[in-house]
Amino acid sequence: MLKTGKVGLAISRSYTAKAKRVVLAQDKSKIKEYTPKITDNHENRIYVWGFQETGALGLQTNVKKAKERYTEMVHHPTRLQFSNNNEITDVAAGYGFTAYAVKREDGETLFGSGLNTDSQLGFQVKGNPTDPANLDVIIYPTAIKLPRVQGETDKDMQVKSMSAGRAHLVILTRNGTIFTLGNNSYGQCGRSIIDEERYSKSALIHRISQEDICGKEDEIVQVECGQDHSMFLTKTGRIHTCGWGADGQTGQGNYHTAGQITLIGGDIEKEKIVSLSCSSDCVLALNEAGDAFGWGNSEYGQLDDSEHAETQINIPRALKLTKSIGKIKQVAAGGSFCMALNDQGLVYTWGFGILGFGPFVEQTSKPQHLLPPLFGRNDFSNETTVVSIGCGIFHMGAVNSDGDLFMWGKNRFGHLGLGHKKDQFFPFKAAINGKVTKVAFGVDHTIAMCKAYF
């Protein structure tokens, strides 16, 4: 009887030392070096989302297509083509319109898109030069011509700060000139109110020297717009205001409208204010020590949680309800809620609305902090923290140290950028292909300025 066993065959290939070197050299020569294709060399890229019918997103280039129903909203962050061709340095979002600060070789420094019903984006026309048609809606970013005086250079006209309200736009340039455009029904453009003034098809751009506001010894460093009022922050920490004051949002100690830009006092009189925030009629300010101040609408206890608190505060007041937060780095004021970011990277919200604590918490009179894991902190990334916050009238956002943007709040127009238009009750990360550096929150759209990952 024959016994069979398992026979293993070992196949090997032997090389001489010289042959090995040849094979290796051949393999190395076949390795292709991959060079990623760079779409543009601009430092900032812009992503936009939300309500598009107003033209505020600046994505459309075809008027007929812009009128089609399916283009009404953009639910996902979408890269703005205009930012591929231009170096954008700043963005501002108003009520249905957007302004872009740019650096270009042709000397243009400001562009805008969206609603232009009150000439908040300047006098824009098309067609026959002798009989032009005025544009109330601009679907793609278009240059806004700022009037220059003799001797002003392109560098002088670069935008230093800008902000947009309901139907007005305020620009601060590098040489300290302030330009105001749009509706002035309440004096928000810093000029006298003219009864029955027509703002549509208006070529008026009001020019103000910073010396006329704060004198020669100081300078304007930030402009901030509420719904129908404007504020000007100086280097020494003074605040000047004008506009609608029915809720006390001008902080001038009354509830009147004011076409004259006026220095305000109250509890901030001896403080050095370093930042301002307002999206409607409630204002928050921050001093260099990290203390918060506020004035304006406080119907939901945003500024005072005491039993007999005033609902409209017409003079700046130190906030007692934020004392437990610690040193504050940044504040943000929405339509009926407020936000604060402390030096530990914790985000606090209070007031009325979708505050980020789920569907069953819609009002709190005391600041409550949102847990760090909601903003990307976990066992694999335990150093991640929030570095900036912001809000519109109905929605909020926070950017973490990884450059990720988290959004929550009302979402009727898809302006959270989450792919749908359902309200979001907890912070949720938006899918943006870049590190977010600044976010502009409009009433129904959002603009994010980003840097490339690599």
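- Applying the salt bridge (Lys or Arg N to Asp or Glu O under 4.0 Å) rule to K451 yields the partners E43; only residues at least two apart in sequence or on another chain are considered.
- Separation of atoms CZ (F97) and CG (D118) is listed at 9.0 Å; rounding is to 0.5 Å.
- A distance of 6.5 Å separates SG of C282 from CG of N297, quoted to the nearest 0.5 Å.
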| said: salt bridge (Lys or Arg N to Asp or Glu O under 4.0 Å) for E383 and R377? Distances and angles first, verdict last. | reply: CA-CA 7 Å; E383 297 296 322; R377 183 180 295 181; over 6 Å; no

- Item | Steps toward salt bridge (Lys or Arg N to Asp or Glu O under 4.0 Å) verdict (E310, R317) | CA-CA 12 Å; E310 300 172 68; R317 186 177 295 177; 2.8 Å; yes

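- The shortest side-chain heavy-atom distance between I208 and Q210 does not fall under the 4.5 Å cut-off.
- No side-chain donor-acceptor contact under 3.5 Å links T54 to the backbone of L115.
- The side chain to side chain donor-acceptor pair (under 3.5 Å) pairs that include a residue from residues 229-242 are H168-S230, D218-T234, D218-T236, T234-T236, T241-Q252, where partners are two or more places apart or lie in different chains.
- Under the 4.5 Å side-chain criterion, counting only non-hydrogen atoms from C-beta, I264 is in contact with P316.
- A donor-acceptor pair under 3.5 Å links the side-chain atoms of N116 to the main chain of L121, judged by distance alone.
- At least one side-chain heavy atom of L284 sits less than 4.5 Å from a side-chain heavy atom of L319.
- Across every non-hydrogen atom of L57 and W49, the tightest pair is CD2-O, 3.5 Å.
- Heavy-atom minimum distance, Y300 versus S336: CD1-CB, 3.7 Å.
- Annotation: ring-ring contact (aromatic ring centres under 6.0 Å, His included) contacts involving residues 255-295, sequence neighbours excluded, are absent.
- When the salt bridge (Lys or Arg N to Asp or Glu O under 4.0 Å) test is applied to R412, no partner is found at least two apart in sequence or on another chain.
- With sequence neighbours left out, F357 forms a ring pair (Phe, Tyr, Trp, His ring centres under 6.0 Å) with no residue at all.
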TODO: Output, in order, the C-alpha distance, side-chain angles, deciding distance and verdict of ring pair (Phe, Tyr, Trp, His ring centres under 6.0 Å) for H415 and F51.
DONE: CA-CA 7 Å; H415 48 268; F51 194 59; 9.6 Å; no

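- With sequence neighbours excluded, the residues forming a salt bridge (Lys or Arg N to Asp or Glu O under 4.0 Å) with R166 are D228, listed by chain and number.
- Pairs passing the side chain to side chain donor-acceptor pair (under 3.5 Å) check and including a residue from residues 348-371, sequence neighbours excluded, read D305-K366.
- Of the possible polar contacts, one joining the E224 side chain to the C278 backbone as a donor-acceptor pair under 3.5 Å is found.
- Pairs passing the salt bridge (charged side-chain N to carboxylate O under 4.0 Å, His left out) check and including a residue from residues 259-271, sequence neighbours excluded, do not occur.
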(message) Test salt bridge (Lys or Arg N to Asp or Glu O under 4.0 Å) on R207 and E152; report intermediate values, then the result.
(response) CA-CA 14 Å; R207 182 187 174 109; E152 281 186 329; 2.4 Å; yes

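- Minimum heavy-atom separation, H395 to L416: CB-CD2, 3.6 Å.
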*asked:* Does K438 form a salt bridge (Lys or Arg N to Asp or Glu O under 4.0 Å) with D90? I'd like the steps, not just the answer.
replied: CA-CA 8 Å; K438 180 178 179 175; D90 199 4; 2.5 Å; yes

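- At least one side-chain heavy atom of I178 sits less than 4.5 Å from a side-chain heavy atom of V170.
- No more than 12 heavy atoms of other residues, nucleotides or ligands sit less than 6.0 Å from atom NZ of K410.
- Counting all heavy atoms, side chain and backbone alike, S277 lies closest to A333 at OG-N, 3.0 Å.
- Relative orientation of the F111 and F82 rings is tilted, given thresholds of 30° and 60° on the angle between their planes.
- For D404, the salt bridge (Lys or Arg N to Asp or Glu O under 4.0 Å) partners two or more places apart in sequence, or in a different chain, are K429.
- Ring-centre distance between H206 and F179: not below the 6.0 Å cut-off.
- By the 4.5 Å heavy-atom criterion applied to side chains, S280 and Q227 are counted as neighbours.
- To the nearest 0.5 Å, atom CG of residue L303 and atom CD1 of residue I313 are 4.5 Å apart.
- Here the straight-line distance linking atom CG of D154 with atom NZ of K103 works out to 12.0 Å at 0.5 Å rounding.
- Shown here are the ring pair (Phe, Tyr, Trp, His ring centres under 6.0 Å) partners of F232, two or more places apart in sequence or in another chain: there are none.
- Rounded to the nearest 0.5 Å, atoms CZ (R198) and CG (L204) are 14.0 Å apart.
- One finds the CD1 atom of I239 at 14.0 Å from the CD1 atom of I261 (value rounded to the nearest 0.5 Å).
- In this structure, the side chains of K155 and R174 stay at 4.5 Å or more apart for every pair of heavy atoms.
- In this view, H445 satisfies the ring pair (Phe, Tyr, Trp, His ring centres under 6.0 Å) rule with no residue, not counting sequence neighbours.
- Residues T180 and I205 have side chains not in contact (no heavy-atom distance under 4.5 Å, counting atoms from C-beta outward).
- Listed by chain and residue number, W244 satisfy the ring pair (Phe, Tyr, Trp, His ring centres under 6.0 Å) test with Y186 (two or more places apart in sequence, or in another chain).
- At a threshold of 4.5 Å between non-hydrogen side-chain atoms, the residues K421 and H75 count as touching.
- Judged by distance alone, with hydrogens and angles left aside, the side-chain atoms of N183 form a donor-acceptor pair with the main-chain N or O of S185 at under 3.5 Å.
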